[in-house]
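Structure record follows, encoded as structure tokens.
Counting from 1, the numbers follow the sequence of the chain as shown.
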Amino acid sequence: MSQLLIDVDAASGINRITLNRPDRRNALNAELLAELKESLALAEADDRVRVIAILGAGPDFCAGADLAEVQAAIDEGVMASLADAQSLGELFILMRRLGKPVVAVVHGRALAGGCGLATACDLVVAADDAQFGYPEVKLGFVPAMVIAILRRAVGEKHAFELAVGGDSIGADRAHEIGLVNLVVPAGELAERSGSYLNALATRSATAVGLTKRLLYATDGASFESAIHLGAQANALARMTEDCQAGIKRFLDKR
């Protein structure tokens with residue numbers, strides 16, 4: 001039985017991927033990770049899809065890694081643990097390399113690897129009663145796979161505080177430090193997140209894809225290198241049908 005629910009709305013261009021292990025608070029096990037990677041790759045290849053959303057079934061978004069599988073990997077030895085960790089890392093890399101924006105729609109708790117999954121998305125919409133956190137340190141563990149993304153999202157000091165404090169923060173605080181883009185009333189999450197996704201889906205797919213690629217390509221680049229990458233993206237954008245049509249509309253109006 002699939003551990004994901006997939007809904008592709010061809011009319012709106014939105015692909016909703018719902019984590020569907022509500023009895024385990026959508027904990028990330030090997031099967032769920034494999035399905036999620038496959039679903040994201042299929043969404044990327046589907047010309048109907050312009051925006052990808054990740055949601056959680058049941059009362060929570062995602063509680064993190066399935067600790068039963070983590071223990072099993074520990075019992076097998078360090079190489080099994082490395083392979084288990086790398087599987088989550090591969091998901092984060094895939095999400096960053098996709099040309100289409102990935103939006104987390106978070107309700108309830110997003111903890112540990114679940115918070116990492118939300119952080120790895122390009123954008124995050126959260127219910128006002130959502131909770132975010134990295135409690136791994138309380139188990140003597142480390143939120144290692146998300147650190148590279150977290151420090152970019154919120155800065156070093158906030159990232160360090162979240163990682164070594166282990167406490168959960170509310171949606172408003174997560175928004176304040178840059179972990180969340182939009183906070184909406186819990187009772188309006190479906191409607192408001194739907195409007196957010198619809199608006200994003202109306203943007204030029206080529207412009208969004210080029211912007212995402214440029215944003216992440218300049219990470220760690222020198223100032224001059226980033227400017228050169230920007231010039232290349234600018235030139236490519238000018239050659240797209242969307243850009244040429246947009247310029248024509250503007251000039252015709254004038």
Donor-acceptor contact present, side-chain [X] to main-chain [Y], <3.5 Å:
X: Thr218; Y: Ala221; value: no
X: Asp122; Y: Val102; value: yes
X: Glu136; Y: Ala163; value: no
X: Asn20; Y: Ala57; value: no
X: Asn198; Y: Gly194; value: yes
X: Asp66; Y: Leu28; value: no
X: Thr240; Y: Ala237; value: yes
X: Arg192; Y: Ala127; value: no
X: Arg152; Y: Ala148; value: yes

Linking I/L/V/M/F/W/Y whenever any side-chain heavy atoms sit under 4.5 Å apart, do [X] and [Y] land together?
X: Phe92; Y: Val142; value: no
X: Leu4; Y: Leu98; value: yes
X: Val208; Y: Val125; value: no
X: Leu55; Y: Val49; value: no
X: Val180; Y: Leu123; value: no

Lys100: which residues meet the side chain to side chain donor-acceptor pair (under 3.5 Å) condition with it, sequence neighbours left out?
none
With Asp128, which residues qualify under side chain to side chain donor-acceptor pair (under 3.5 Å), at least two apart?
none
Among Leu150, Leu117, Leu88, which one satisfies side chain to side chain contact (heavy atoms under 4.5 Å, CB included) with Met145?
Leu88
Matching residue for Asp60 among His107, Arg109, Gln131 - test: side chain to side chain donor-acceptor pair (under 3.5 Å)
Arg109
Residues, nucleotides or ligands: over 12 heavy atoms within 6.0 Å of [X] [atom1]:
X: Arg151; atom1: CZ; result: no
X: Glu191; atom1: CD; result: no
X: Phe141; atom1: CZ; result: no
X: Tyr216; atom1: OH; result: yes
X: Arg96; atom1: CZ; result: yes
X: Asp47; atom1: CG; result: no

Glu90/Ile93 under side-chain contact (heavy atoms from CB on, under 4.5 Å): CA gap, chis, key distance, verdict:
CA-CA 5 Å; Glu90 289 166 359; Ile93 291 171; 5.7 Å; no
Between [atom1] on residue [X] and [atom2] on residue [Y], distance to nearest 0.5 Å:
X: Leu236; Y: Leu214; atom1: CG; atom2: CG; result: 10.5 Å
X: Arg50; Y: Leu200; atom1: CZ; atom2: CG; result: 9.5 Å
X: Leu189; Y: Leu182; atom1: CG; atom2: CG; result: 9.5 Å
X: Leu210; Y: Thr206; atom1: CG; atom2: OG1; result: 6.5 Å
X: Lys37; Y: Leu32; atom1: NZ; atom2: CG; result: 10.5 Å
X: Ile17; Y: Ser39; atom1: CD1; atom2: OG; result: 5.0 Å

Gln3 and Glu35: side-chain hydrogen bond (donor to acceptor under 3.5 Å, both in side chains), yes or no, with the steps?
CA-CA 7 Å; Gln3 298 190 359; Glu35 287 189 23; 5.7 Å; no
Heavy atoms only: give me the nearest [X]-[Y] pair and the separation to one decimal.
X: Val106; Y: Ala110; result: CG1-CB, 3.9 Å
X: Tyr134; Y: Ala112; result: CE2-O, 3.5 Å
X: Asn181; Y: Tyr196; result: CB-OH, 4.0 Å
X: Ser204; Y: Asp242; result: OG-OD2, 2.6 Å
X: Gly166; Y: Val137; result: CA-CG1, 3.8 Å
X: Leu36; Y: Leu19; result: CD2-CD2, 4.3 Å

Do [X] and [Y] come close enough that some side-chain heavy atom pair is under 4.5 Å?
X: His158; Y: Arg173; result: yes
X: Asp167; Y: Lys138; result: yes
X: Phe132; Y: Leu162; result: no
X: Leu179; Y: Val124; result: no
X: Gln232; Y: Leu229; result: yes
X: Val103; Y: Leu197; result: yes
X: Met95; Y: Leu91; result: yes
X: Ile74; Y: Ser81; result: yes

Between Asn29 and Arg21, is a side-chain contact (heavy atoms from CB on, under 4.5 Å) present by the stated rule, with each step listed?
CA-CA 10 Å; Asn29 62 5; Arg21 297 187 75 204; 3.3 Å; yes
Step by step, work out the side-chain contact (heavy atoms from CB on, under 4.5 Å) result for Leu111 and Arg25.
CA-CA 10 Å; Leu111 300 177; Arg25 295 168 57 200; 3.7 Å; yes
Where do Ile14 and Asp7 land on the side-chain contact (heavy atoms from CB on, under 4.5 Å) test, with the steps shown first?
CA-CA 8 Å; Ile14 299 169; Asp7 175 43; over 6 Å; no
